[in-house]
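Here's the structure we're looking at; comments come further down.
Note that these values count all heavy atoms, side chains included, but never hydrogens, waters or copies made by symmetry. Both counts, for ligands and for their atoms, begin at 1 and track the order of listing.
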Amino acid sequence: MSRQSEAENGTAATEAIPDCPHCQKPLPLCVCDGITRIENRVSLLILQHPQEQDRALGTARLTAMHFANAVLKIGLSWPSLSKALGRPVADPSRWAVLYLGSAKVADLDTKRDIVAINRKGEVEDDQRAILQDIEGIVLLDGTWSQAKALWWRNAWMLKCQRVILGPSRPSRYGKLRREPRRDGLSTLEAAAMLLSSLEKRPDIAETLHASFERMLTKYREFQSAQPAAAPKPRPKRDYRRRRRA
Ligand SMILES: [Zn+2]
């Protein structure tokens, strides 16, 4: 392939850009240098679907890199929470799994933005006591259907506390990556919301959002400087909309 045709071919040009060995993003999008380390009390486990390959705009690895107490695993299923985490867990019910599924905070009778729900999708009785007792968070990283696959393939998640989020503002991705639901957030934003709230530490959200904004700024700069080479945002279109009868 000639140089010119390679330049015209966005995919080839993208593949020629080396990745940062730490965050595994294309180097022009790396924000590793400015990461402020967070000592977190509530543990974080991020399970990434193996087909989630949004190198440019994905946030799972970047999120995990911020926390002293975080584990990122890539795969489809694990036999238990402790196997996924790589250490024993005394009581999985003190771990919260964020899984929206068909549940929506807006449909529930609550003013909270983090809601613990039961297996029937109803609001649990003592929200405050449940959330105060949470010692770890599990986030599912991928598209809507990938998160659904992770949820259904890991039966141990039923022993954990399911939570859903009703964020007061939509995702900071804006037009770069349209979330199919208004309450859909990036993995980084979900971690920011949950950990800063459970630990009552607004600085956690501030630190994560600052990194996210830097990443998005780098993406936009790169996109305007080299439109052909910029990694394309992945359209999130696999959320199945119900057909109107
Ligand atoms: Zn990096």
Side-chain angles (χ1 to χ4, degrees), residues 6-7 9-40 42-75 84-86 98 137-143 146-147 150 171-179 184-196 199 201 203-236:
E6 253 180 43
N9 182 334
T11 314
T14 306
E15 280 161 5
I17 299 169
D19 288 348
C20 163
H22 307 290
C23 65
Q24 295 178 11
K25 284 189 179 298
L27 273 175
L29 306 181
C30 165
V31 292
C32 282
D33 275 353
I35 288 182
T36 310
R37 188 89 154 156
I38 300 165
E39 295 293 330
N40 52 320
V42 175
S43 309
L44 178 63
L45 171 62
I46 302 175
L47 302 178
Q48 185 178 61
H49 192 283
Q51 262 117 52
E52 161 64 32
Q53 285 177 351
D54 193 344
R55 284 162 68 234
L57 289 170
T59 58
R61 195 166 296 273
L62 178 64
T63 305
M65 284 175 69
H66 280 81
F67 292 100
N69 180 2
V71 172
L72 169 65
K73 287 282 173 70
I74 299 166
L85 193 60
L98 172 63
I137 300 286
V138 182
L139 298 178
L140 310 178
D141 186 71
T143 61
Q146 288 167 352
L150 287 168
S171 171
R172 284 168 170 77
Y173 273 129
K175 286 178 185 161
L176 284 181
R177 183 151 112 178
R178 282 197 193 282
E179 298 294 327
L185 294 176
S186 65
T187 295
L188 179 144
E189 291 168 300
M193 197 171 160
L194 280 161
L195 284 149
S196 64
E199 297 205 21
R201 281 181 57 189
D203 65 291
I204 292 180
E206 284 160 18
T207 300
L208 286 171
H209 289 150
S211 289
F212 195 36
E213 295 290 355
R214 283 197 299 130
M215 184 194 102
L216 294 178
T217 301
K218 285 206 162 192
Y219 182 85
R220 291 188 186 100
E221 282 169 4
F222 188 63
Q223 202 181 29
S224 59
Q226 295 185 56
K232 304 288 180 292
R234 177 198 59 210
K236 280 203 163 186

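Excluding waters, the protein N/O/S atoms found under 2.8 Å from the Zn ion (ligand 1) are Cys20 SG, Cys23 SG, Cys30 SG, Cys32 SG.
Partners of Thr59 under the side chain to side chain donor-acceptor pair (under 3.5 Å) rule, at least two apart in sequence or in another chain, do not exist in this structure. Remark: Val31 engages Leu62, Arg214, Met215, Lys218 in a side-chain contact (heavy atoms from CB on, under 4.5 Å) (not counting sequence neighbours).
Judged by distance alone, the side chain of Glu189 and the main-chain N or O of Ser186 form a donor-acceptor pair under 3.5 Å. Without hydrogens or angle criteria, Glu199 side chain to Asn40 main chain gives no donor-acceptor distance under 3.5 Å.
Checking Thr207 against His66 by side-chain atom types alone, no donor-acceptor pair falls below 3.5 Å.
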Would you give me the side-chain donor-acceptor pairs under 3.5 Å for residues 23-30, sequence neighbours excluded?
from: Gln24; atom 1: OE1; to: Arg61; atom 2: NE; distance (Å): 3.4
from: Lys25; atom 1: NZ; to: Arg55; atom 2: O; distance (Å): 3.0
from: Lys25; atom 1: NZ; to: Ala56; atom 2: O; distance (Å): 3.0
from: Lys25; atom 1: NZ; to: Gly58; atom 2: O; distance (Å): 2.5

